[in-house]
A.B. asks: 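Have a look at the structure that comes next, please.
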There are 2 protein chains.
Amino acid sequence: MTTDYSGSGDVSKSLELLWGMQQRPTRGPKPGLTLERIVDAAIEVADADGLAALSMRRVAAHLGVGTMSLYRYVPGKGELLDLMLDRVAGPVDDDPGEESAGWRATLEELARGTWQMCMKHPWYPQVDQVRPLLGPNNIAGMERIVRRLKPTGLSDQQLVLMISVVDGFVTTIARSHVNALQAEQRTGISEEDFWAAQEPVLVKMMETGRFPTLAALDENTFTFSYEDVFEFGLTTILDGLAVLVEGGGAPATG
Amino acid sequence: MTTDYSGSGDVSKSLELLWGMQQRPTRGPKPGLTLERIVDAAIEVADADGLAALSMRRVAAHLGVGTMSLYRYVPGKGELLDLMLDRVAGPVDDDPGEESAGWRATLEELARGTWQMCMKHPWYPQVDQVRPLLGPNNIAGMERIVRRLKPTGLSDQQLVLMISVVDGFVTTIARSHVNALQAEQRTGISEEDFWAAQEPVLVKMMETGRFPTLAALDENTFTFSYEDVFEFGLTTILDGLAVLVEGGGAPATG
DNA sequence: GCTTAAGTGCGTACATCGTACCCGGTTCAG
DNA sequence: CTGAACCGGGTACGATGTACGCACTTAAGC
């Protein structure tokens with residue numbers, strides 16, 4: 001597995017496990033583990049040492065069992081990842097008092113909630129969710145957010161597109177952020193040292209006069225943080241969606 | 001290497017190779033390979049069989065040489081990846097006739113250009129560019145785009161943030177798109193079959209009445225393509241940036 | 001209570017990866 | 001002509017996911 005994808009295992013098997021559809025067999029010895037404990041252990045390993053360190057051997061060692069024992073509970077690593085993803089997606093506390101909040105507050109809350117979850121589980125944004133498995137927590141979260149966006153009067157497809165754009169943006173910035181943090185640990189080179197290493201060559205090239213615009217940039221041009229990008233991008237996207245939602249006479253494609 | 005990152009090798013070494021600062025040693029036999037041929041071969045392998053199939057062994061085999069011979073030219077796989085990234089970023093044909101185009105046309109052109117490059121080299125958006133190496137082609141592209149955005153009168157930092165948001169968005173959607181395409185090949189399960197596999201469980205859960213909003217969604221809610229998301233998101237972002245650039249009396253607070 | 005089939009725990013083995021290390025052959029500076 | 005520097009590349013190591021098979025445990029059927 002070069003990169004980690006959702007939905008890379010047996011989809012039906014994953015769904016059965018997600019929705020708790022397994023029936024306990026009657027014969028044979030009682031299992032010493034539970035699915036829950038395995039998923040928890042996997043999340044702990046990934047939280048502590050990163051997605052790259054998440055291996056079946058590590059999870060088993062964390063539980064004090066043999067590696068191959070895990071395969072009695074989970075078909076493979078792909079399915080385990082799907083279970084981890086739905087686990088950290090919830091549960092959502094469905095506060096009925098917030099029903100009346102506007103679309104903008106709803107999307108902003110979604111964005112900030114996802115951001116904080118990514119900070120707590122840095123491996124989450126590193127998983128490519130091209131084929132998301134619809135587990136209980138993901139479905140519940142979707143239900144909640146769509147319900148609160150309904151009053152905008154947009155089409156269902158437009159609602160889902162709005163959510164996709166906002167959530168995709170947040171996950172992307174979060175991934176960049178955690179990648180940067182982990183790059184420091186992985187390489188032993190701090191962000192500052194990395195850019196400092198490029199400076200000599202950069203300065204040399206700027207002095208050639210081939211890049212006049214870049215050479216004349218302000219000193220503080222690149223001093224923003226990932227949080228700054230998050231705020232800038234979120235404002236931009238919400239402003240852009242306002243044109244669509246509030247029919248601001250803009251040339252929206254519909 | 002679980003995931004592929006830019007700037008994961010020796011930064012100084014990569015920069016020397018990128019800017020062609022190696023001096024040919026006088027002694028010893030003439031090299032049978034060139035850096036260019038190795039980078040080209042690596043790109044061909046990645047284009048044809050995906051980033052996961054890009055290995056030193058495959059590149060060497062493609063060139064008809066022993067695996068370890070590559071290490072005479074490139075310090076390691078990380079540095080090779082950096083060279084590949086700058087290679088496909090250019091060269092840009094610097095058309096002076098387009099200087100006068102507005103900021104919106106400039107960013108839209110950037111977005112569509114990046115998108116097309118990602119379609120030609122599907123591995124490109126799969127590389128996490130947390131620590132981009134500033135090679136000649138990347139620098140030239142940056143110079144060109146910043147020069148064309150200067151007339152907006154925004155601060156240099158805001159210009160770079162605009163570029164970050166647009167480029168980050170395009171790369172993200174492109175990655176999702178190519179991941180979806182490759183998931184079909186990797187798993188042998190088409191996108192349709194994947195969703196069809198989830199349907200029985202979904203229908204069952206919708207019938208429980210726990211998710212009334214989702215159960216009532218239009219049939220065509222999820223029928224959009226990645227191109228649709230690209231267009232929707234691009235319009236949204238450009239509309240949002242218009243609020244910033246044109247200082248518009250747009251409904252910012254919503 | 002005995003047999004037997006199912007289930008559990010897990011050790012071993014294999015293919016794949018990047019690359020450290022080493023050796024033999026080649027080329028030119030002195 | 002000698003020796004240092006360089007090229008090509010074979011071998012080996014530790015890591016990964018997991019297929020396979022074996023020993024042990026349990027409860028159903030008699």
Side-chain angles (χ1 to χ4, degrees), chain A residues 1-5 8-10 13-14 22-35 37-38 41-42 45-46 49-84 123 127 186-187, chain B residues 1-5 8-10 13-14 22-35 37-38 41-42 45-46 49-84 123 127 186-187:
Chain A
M1 223 180 280
T2 296
T3 311
D4 298 277
Y5 301 99
S8 63
D10 185 315
K13 274 282 186 182
S14 286
Q22 347 83 312
Q23 65 275 23
R24 266 275 298 126
T26 58
R27 279 208 266 250
K30 303 269 184 268
L33 291 173
T34 62
L35 194 58
R37 281 189 62 205
I38 294 177
V45 168
D49 294 345
L51 193 59
L54 179 70
S55 72
M56 299 303 269
R57 283 172 233 261
R58 286 270 283 135
V59 173
H62 192 64
L63 287 165
V65 301
T67 305
M68 293 313 292
S69 301
L70 301 181
Y71 288 86
R72 295 281 171 205
Y73 302 83
V74 176
K77 193 186 175 184
E79 291 84 354
L80 178 55
L81 201 57
D82 284 330
L83 296 174
M84 294 168 64
W123 51 271
V127 180
R186 201 180 54 239
T187 64
Chain B
M1 223 180 281
T2 296
T3 311
D4 298 277
Y5 302 99
S8 63
D10 184 314
K13 274 283 186 184
S14 286
Q22 347 83 312
Q23 66 275 23
R24 265 276 298 128
T26 58
R27 279 208 266 251
K30 304 270 182 267
L33 291 173
T34 62
L35 195 57
R37 281 189 63 204
I38 294 178
V45 168
D49 293 346
L51 193 59
L54 179 68
S55 72
M56 298 304 270
R57 282 171 235 260
R58 287 269 283 131
V59 174
H62 192 63
L63 287 164
V65 302
T67 306
M68 294 313 293
S69 301
L70 301 182
Y71 287 86
R72 296 280 169 202
Y73 302 82
V74 177
K77 192 185 176 185
E79 291 83 353
L80 178 55
L81 199 57
D82 285 330
L83 296 175
M84 294 168 65
W123 50 271
V127 180
R186 202 180 53 241
T187 63

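As a basis for the values below, the full set of heavy atoms in this structure was taken, side chains included, without hydrogen atoms, waters or symmetry mates. In what follows, chains carry the letters A, B, and so on, assigned in the order in which the sequence lines appear, proteins first and then strands, with residues in each chain numbered from 1.
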A.B. asks: I'd like to know if the side chain of A:Lys77 reaches the main chain of A:Leu54, judged simply by a donor and an acceptor atom lying under 3.5 Å from each other, with no hydrogens or angles considered.
C.D. replies: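 Checked: pair present.
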
A.B. asks: Measuring to OP1 and OP2 of D:dG8, would you say a side-chain N or O of B:Tyr73 lies under 4.0 angstrom away?
C.D. replies: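 Looking at the OP1 and OP2 atoms of D:dG8, one of them is under 4.0 Å from a side-chain N or O of B:Tyr73.
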
A.B. asks: Once you round it to whole Å, what is the distance between C1' of D:dG17 and CG of A:Leu81?
C.D. replies: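 Distance check: A:Leu81 CG to D:dG17 C1' gives 14 Å.
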
A.B. asks: Could you tell me how far apart A:Lys77 (NZ) and C:dT16 (C1') are, to the nearest whole angstrom?
C.D. replies: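 Computing the A:Lys77:NZ to C:dT16:C1' distance gives 14 Å.
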
A.B. asks: Which part of the nucleic acid, if any, lies within reach of B:Ser55 when heavy atoms closer than 4.0 Å are counted: base, sugar-phosphate only, or nothing?
C.D. replies: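 The answer is sugar-phosphate, as B:Ser55 gets under 4.0 Å only of primed atoms, P, OP1 or OP2.
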
A.B. asks: Would you kindly give the CG-to-P distance between B:Asp49 and C:dC17, to the nearest whole Å?
C.D. replies: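 Answer to the nearest Å: 12 Å.
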
A.B. asks: Rounding to a whole Å, what distance do you find between B:Leu54:CG and C:dG18:C1'?
C.D. replies: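 The answer, rounded to whole Å, is 12 Å.
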
A.B. asks: Once you round it to whole Å, what is the distance between C1' of C:dG18 and CD of B:Glu79?
C.D. replies: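 Roughly 12 Å, once rounded to whole Å.
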
A.B. asks: Of all the heavy-atom pairs spanning A:Met56 and A:Leu70, show the shortest one and how long it is.
C.D. replies: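 Residues A:Met56 and A:Leu70, closest heavy atoms: O-CD1, 3.4 Å.
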
A.B. asks: Rounding to a whole Å, what distance do you find between A:Met68:CE and D:dT16:P?
C.D. replies: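 A:Met68 atom CE is separated from D:dT16 atom P by 14 Å.
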
A.B. asks: In Å, rounded to the nearest 0.5 Å, how long is the span from CG of B:Leu51 to CG of B:Asp4?
C.D. replies: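 If I round to the nearest 0.5 Å, the distance is 4.0 Å.
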
A.B. asks: Let me confirm one number: the CG-OG1 distance from A:Asp10 to B:Thr187, rounded to the nearest 0.5 Å.
C.D. replies: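 Answer rounded to 0.5 Å: 11.0 Å.
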
A.B. asks: Indicate for each nucleotide in nucleotides 21-30 of chain D, in 5' to 3' sequence, whether protein heavy atoms under 4.0 Å reach the base (B), only the sugar-phosphate (S), or nothing (-).
C.D. replies: B---BBSS--

A.B. asks: Would you indicate what B:Leu80 reaches in the nucleic acid, counting non-hydrogen atoms under 4.0 angstrom: base, sugar-phosphate, or nothing?
C.D. replies: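 The answer is nothing, as B:Leu80 stays clear of every strand by at least 4.0 Å.
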
A.B. asks: Does A:Thr67 make a side-chain N or O approach to OP1 or OP2 of C:dC10 shorter than 4.0 Å?
C.D. replies: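 No, A:Thr67 has no side-chain N/O under 4.0 Å of OP1/OP2 on C:dC10.
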
A.B. asks: How close or far is atom P of D:dA19 from atom CG of A:Asp10, stated in whole angstroms?
C.D. replies: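 One finds 12 Å between P of D:dA19 and CG of A:Asp10, rounded.
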
A.B. asks: Looking for any heavy atom pair under 4.0 Å, which part of the strands does B:Leu70 touch: base, sugar-phosphate only, or nothing?
C.D. replies: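 Here B:Leu70 touches no strand at all.
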
A.B. asks: Looking only at side-chain atoms of B:Met56, point me to the closest of C:dG11, C:dG18, D:dG17.
C.D. replies: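 Looking only at side-chain atoms, B:Met56 lies closest to C:dG18.
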
A.B. asks: Taking atom CD1 of B:Ile38 and atom CG of B:Leu33, what is their separation to the nearest 0.5 Å?
C.D. replies: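 These two atoms lie 5.0 Å from each other.
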
A.B. asks: To the nearest Å, how far apart are A:Arg57 CZ and C:dG11 C1'?
C.D. replies: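 In whole Å, C:dG11 C1' lies 11 Å from A:Arg57 CZ.
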
A.B. asks: For D:dG9, does either OP1 or OP2 sit under 4.0 Å from a side-chain N or O belonging to B:Ser69?
C.D. replies: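 Yes.
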
A.B. asks: Which listed nucleotide (C:dT19, D:dG17, C:dT8) is nearest to the side chain of A:Tyr71?
C.D. replies: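 Looking only at heavy atoms from C-beta outward on A:Tyr71, the closest nucleotide is D:dG17.
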
A.B. asks: With side chain to side chain contact (heavy atoms under 4.5 Å, CB included) as the test, would you mind laying out the steps for A:Arg58 and A:Asp49 before giving the verdict?
C.D. replies: CA-CA 10 Å; A:Arg58 286 270 283 135; A:Asp49 294 345; 2.2 Å; yes

A.B. asks: Can you list everything that forms a side-chain contact (heavy atoms from CB on, under 4.5 Å) with A:Pro31? Sequence neighbours excluded, please.
C.D. replies: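 Testing A:Pro31 for side-chain contact (heavy atoms from CB on, under 4.5 Å), a comparison that skips the adjacent residues, returns A:Arg24, A:Tyr73.
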
